[in-house]
Amino acid sequence: MVNSLETPSTNARSFWRCSLLVALIWLVATCRAVAADLPVIDEGAPFDVRSAFVEPRDHVYLLSATLEVALSRAAQQALTNGVPVLLQLEFKVVRKRGWLPDVDVGSLTQRWHLSYDALTEHYLIKNESTGLQYSHESLAAALADLGSVQGLPVIDEALIQKGRRYEALLRLTASIEGGVPSALKYMMFWIDWRRSTEWYTWTLRP
Amino acid sequence: MDAPPMNAPHAVARSTPVSRARRGRWRASVMALLVLLGVVASSASLLILTGAAQDAHKLRTLQPWLLAGNLLAVMVLLLLISRKLYALVRDYRAHAPGSRLKARTVQMFSLLALAPILVTYFFSVNAINRGIDSWFDSKVSTGLEDALALSRAALSLRMREFGAHTTALASDLHSVSDYEMMSQLDRYRRIAGASELIVVSDGGRIIAASTDFASATLPALPAPEVLLQARQRQGYVSLDPAPGGGYRVIAAMPVGNGGNGETRLLVASYPVPEQLAGLADGVRAAYAQYGQHVYQRPYLKSTFTLTLTIVLLLSALGAVYGAFFWATRLVKPVQDLIEGTRAVGQGDLDLKLALPSNDELGYLVGSFNDMTKRLARARSDAEANRAAVEQERARLAVILARLSTGVISVDADFNLRTANQAASNILGVDLEAAVGSPLSTLADSEPSVAQFVSACSQHLAAGDRDWREPVPLITEHGRRELMVASTTLPADDGASAGLVIVFDDISTLLQAQRDAAWGEVARRLAHEIKNPLTPIQLSADRMRRRLLSQLDAKDAEILERGTHTIVQQVEAMRQMVNAFSEYARAPSLDLVPIDINQLVSEVTDLYRSHGSAVSSATPVSVRLELDPEAGMVLADRGRLRQVLNNLLTNAFEALEGQADAVVSIETHDVAIDGHSLVELVVVDNGPGFQSVTGGQMFDPYVTSKPKGTGLGLAIVKKIIDEHGGSIEAENTPEGGARVRALLPRDEAARGIFSMTGSRDLRRSEFRREHV
C-alpha cells in the first residue's frame with residue numbers, strides 16, 4: 001500500500017525536477033546565443049565636452065565648444081562596415097528662477113552623420129541641417145573637425161534679458177542606432193546603443 | 001479545481017463559507033481577467049502581424065509592439081500555469097481524489113507536446129544561424145573587395161593624369177603674376193577640363209580662383225590636412241566624394257615661391273567621367289551594404305533566436321496550459337465519480353452528477369446516476385416497509401398489551417423474546433424485564449414458571465409443533481388452571497424459529513362451570529328431595545302418634561327412637577336442601593351504601609351474645625380491628641351479613657373445643673389501580689385449613705371440618721364474586737386460618753377484578769408494584 005502510494009509521487013517529483021533542469025539549461029543557452037559577441041558603443045573611449053561658451057555677435061549668440069570625441073572599437077567597426085554614426089549636439093538655455101522650476105528659453109540641436117566611403121577611403125561628415133559635406137582622409141581628422149565647434153549661431157539675443165540669470169547646457173550624443181533593427185533595440189534593452197556626455201553647464205550673463 | 005482534498009477540511013474549516021465564497025469569486029475574476037489579457041495580447045499580435053506582413057518597414061516599426069504583446073502573453077500564460085501547477089501540487093500532496101490521474105495526464109500531455117516543439121526549436125535555431133552564416137560567404141566578400149580595388153585602380157589612372165595636368169599648370173603659373181592670375185586660371189581650367197582651380201597662399205588664403213559652378217560665390221577650400229600634405233609631400237592627388245554625389249579628383253601642387261618667399265598651392269578639382277563614377281559608386285554602395293549586413297549579422301541571429309524563443313515559449317506554455325485544461329476536463333468526471341461514490345458511501349443518495357459528454361465516461365456517469373437513483377428508491381422502499389412493519393408491531397403490541405390472554409414467544413433456544421402484560425400477570429413474574437434470558441433461569445427463581453416451563457418442555461421434547469392442553473399451576477396461594485396453546489414459528493429455512501405460547505387463566509371459568517353445575521345440582525336436589533321430605537316427616541309423625549299407644553314399652557321405645565331419627569334426619573335433610581337452594585338462588589343484589597364497620601359490629605355483637613349457641617363448650621373471644629377509614633361500601637346488606645355469618649360460623653366451628661380461642665375481624669381501606677376497596681379479614685387461631693388448598697376451599701362440599709355442609713365458604717365466595725370482589729383463604733404461619741375478602745367501594749371499582757377474570761389478591765398487588 002505504501003509502495004503503491006509512493007511510487008507515482010516519486011515519479012512525479014523526479015519528472016518536475018528534470019523539467020526544471022531542462023528549462024534552466026535552455027534558458028542559459030538561449031541567453032548566450034542571443035547576447036553572443038554583440039558590439040557595444042560604450043567602451044571607455046574619451047567622450048566629453050571639454051569647454052564651451054557663447055558670445056553675442058550681431059544680435060545672435062554664437063557657440064564655440066571643444067569636444068573630445070573618440071569612438072569605441074565597436075563604433076569604429078560599425079563605421080568601417082558602412083554603418084553611419086550619428087552625432088548629435090544639444091544646446092539649450094534655461095532661465096533660473098530660484099526655488100521655482102527652470103524655464104526653457106531656447107534650444108538648438110545639430111546633427112552630423114559620420115560615414116566611411118570605402119572607395120575613396122575617406123570619412124565623410126554631413127551636417128543634417130545645412131546639407132554641407134566634408135571629407136577627411138582619417139578618422140582622427142574627421143573627429144577633430146567634429147570636435148571643434150566655432151561660431152555656431154544658437155540663440156537670438158532678444159531672448160536673453162538683462163538682469164536675469166540664465167544657464168546654458170550642452171551635450172553630445174553618439175549612436176549607432178541606424179544599423180540595428182529597431183525590434184532588436186527593444187529586445188536587447190540591456191545594450192547601450194547610444195552614448196551621451198554629461199550635460200556641460202555654464203552660467204550665461206547677458 | 002479547489003475541490004477540498006481529503007486532508008483539507010481541517011484547513012478549510014477555519015475559514016467561514018462567506019469568506020471562502022468571496023475569495024473564490026475574486027479568484028475567478030482574476031483568472032478571467034488574465035485569460036482575457038492573454039487572448040487579447042495574442043490576438044493583437046496576430047492582427048498586427050497579418051496587417052503588417054506585406055510592408056517590411058511597417059513591420060519593423062510594429063515589431064516592438066508585437067514583442068511586447070507576445071511577452072505579455074507569455075507572462076500571462078506563465079502566471080496561469082504556475083497557478084494551476086500550485087493547485088495540482090497542493091492537491092497531490094493532500095491526496096485529493098483524481099489528483100494523481102490529473103498529474104499523470106498533465107505530465108503525459110506536456111511531454112507529448114513539448115518534445116516535438118523543443119526538437120523543432122533547436123533545429124530551427126540551428127538552421128537559421130547556419131543560413132545567415134551562409135549569406136556571408138568569404139567568396140562574396142573577396143569578390144566585392146576585388147571589385148572595389150578594380151574601381152579604385154580604374155580611377156587611379158585618371159588621378160595620375162589629373163595630377164600630371166595639375167603639375168604642368170602649377171609650373172606654368174609660377175611665372176604668372178598675381179595680376180594676370182585670374183584670367184590665366186580661367187584659361188587653364190578650360191584647357192585642363194577642371195571644374196575648379198584655386199591658388200592658395202601659405203596661410204590658407206585664396207589668391208585666385210576659377211570655378212564653373214555658377215551658383216558658388218566662393219570656392220570651397222579643401223581641408224587643412226590636404227593643404228598640409230600637399231606642402232609636405234610636394235603634391236597631393238586624392239579621389240574625393242563630391243558634395244552633390246559622384247566623385248571628383250582633387251589635386252594640389254605647389255606653384256612655387258611667391259614674391260615674398262611663400263609656397264603657393266594650386267588646388268584643382270576634376271570631375272570624374274559620369275559613366276565611370278556611376279559604376280564606381282555602384283560598387284561602393286554594394287560594398288557598403290554588404291558591410292552593413294556583416295555588421296548586422298550577430299544582431300540578426302539574435303533577433304531570429306529571440307523570435308523563435310518567444311514562439312517556442314508561447315507554444316510550449318500554450319501546450320502545457322492546454323495539457324492542464326484537457327487534463328482537468330478529462331479528470332473532472334472521474335473526480336465527480338469519486339466524490340459521488342464517497343457521498344453514496346456516506347448515505348447521500350440524492351446526488352446527481354452532471355453528464356460530461358457522450359463518450360464512455362458519460363456512460364459511466366450515467367450508470368452511476370442510475371445506480372444512485374435505484375439505490376435511493378430501494379432505500380425509500382425499505383424505509384416504507386420498515387415503517388409499515390413498525391406500525392404493525394406497534395399495533396400488535398397494543399393488542400397484546402390489551403389482551404387478557406398471556407402471550408409469550410421464545411426462540412429456538414428457549415430464550416424469551418416477547419411477553420405481554422397479561423402473561424406477566426398470569427404467571428406472577430415480570431416477564432418483560434426477563435426478555436432475552438432463557439426461560440430455564442426464570443423457572444429456577446419462580447416455581448410457578450417452573451411448572452409452566454416443564455409442561456412446555458415435555459411437548460417440545462416430544463416434537464409437538466402445535467399443541468393445546470390445560471396446565472395446572474400449584475401456587476402457594478392455590479391451584480390455578482391454565483389453558484396453554486403453542487405454535488411453532490416458521491423460519492426462513494424451514495427450521496424452527498421459536499415458539500409462540502398463548503395461555504389463559506381458566507381457573508375462574510372452571511370455577512364458574514363448577515358453580516353452574518353445583519347450582520344445577522342444588523336446584524334439582526331442592527326440587528327432587530324437598531318434595532318427599534314433608535310426607536316422610538308427616539308419615540313418621542303419624543306412625544308414632546298412632547302406634548305409640550298400642551305398642552308395649554320395648555317396641556314403643558324402638559318406634560319412638562326410629563320416628564325421632566326419621567324426623568331428625570328429614571329436618572337435617574331439609575336444612576341441607578334449603579342451603580343448596582340458597583346456593584343455587586339466582587343473584588339479585590340490592591346494592592346500598594353500607595357502613596362496613598357498623599355491620600361488622602352488629603354481627604359480632606350477635607355472636608358475642610349467642611356465642612355459646614354455636615360453640616357451647618368453650619368461650620371464644622372476638623377481637624375487632626376496624627379501620628375508621630374503611631367507611632362506606634356499596635353492597636347488599638343481607639348478603640354481606642350472610643358473608644360475615646358464614647365466616648364467623650366457620651371460625652367458631654373450627655375453634656370448637658380449643659382453649660384461648662380468638663377470632664379477630666379487621667377492616668382496611670385499600671387502593672388498587674387507583675380504585676378504592678375495602679378489605680375484610682377474618683382470622684382465627686384454630687387448626688387452619690387441612691390438606692385442602694386455597695383455590696378449592698370455596699368449592700361446594702369441600703370442607704376440612706368433620707361436620708359441615710361444605711357450602712359455607714362456597715356461598716361466601718359466590719356473594720363476594722357477585723359484588724365484584726375477590727376472596728382468598730390461607731393458613732397463617734401461627735397455624736390459624738385467614739380469609740381475606742376485597743370489596744369494591746363503588747361502581748367504578750367493581751370492574752377491576754373482572755378485567756382479567758381471575759385476578760387474585762396477590763397478583764393484583766404484584767401489578768400495583770409494577771405500575
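The basis for the numbers below is simple: all heavy atoms, side chains too, and nothing from hydrogens, waters or symmetry mates. Naming convention: chains lettered A, B, ... in sequence-line order (proteins, then strands); numbering from 1 in each chain. On a predicted model such as this, the values are computed, not experimentally measured, just so you know.
- Within 6.0 Å of CD on A/Glu157 lie more than 12 heavy atoms contributed by other residues, nucleotides or ligands.
- In this structure, the separation between CG on B/Leu239 and CD on A/Glu121 is 10.0 Å, given to the nearest 0.5 Å.
- For B/Gln229, the part lying under 4.5 angstrom from a heavy atom of chain A is the side chain only.
- Once rounded to the nearest 0.5 Å, the distance linking CG of B/Asp240 with NE2 of A/His136 reads 10.0 Å.
- B/Leu148 places a side-chain heavy atom less than 4.5 Å from the side chain of A/Leu119.
- Around atom CG of A/Asp104, more than 12 heavy atoms belonging to other residues, nucleotides or ligands sit under 6.0 Å away.
- When B/Tyr290, B/Tyr236, B/Tyr287 are compared by the number of non-hydrogen pairs under 4.5 Å with chain A, B/Tyr236 comes out ahead.
- Among the candidates B/Gln289, B/His293, B/Arg152, B/Arg284, the residue making the largest number of heavy-atom pairs closer than 4.5 Å to chain A is B/Arg152.
- Within the 4.5 Å cutoff, the side chain of A/Leu124 has heavy atoms near those of the B/Pro241 side chain.
- Interface residue B/Leu313: only side-chain heavy atoms are found under 4.5 Å from chain A.
- B/Leu312 touches chain A through its side chain: at least one heavy atom from C-beta onward sits under 4.5 Å away, while N, CA, C and O do not.
- Only the side chain of B/Leu111 comes within less than 4.5 Å of a heavy atom in chain A; its backbone stays farther off.
- The part of B/Leu155 that comes within reach of chain A is its side chain, from C-beta onward, which places non-hydrogen atoms under 4.5 angstrom from that chain.
- Few gaps surround CE on B/Met159; more than 12 heavy atoms of other groups in view lie less than 6.0 Å from it.
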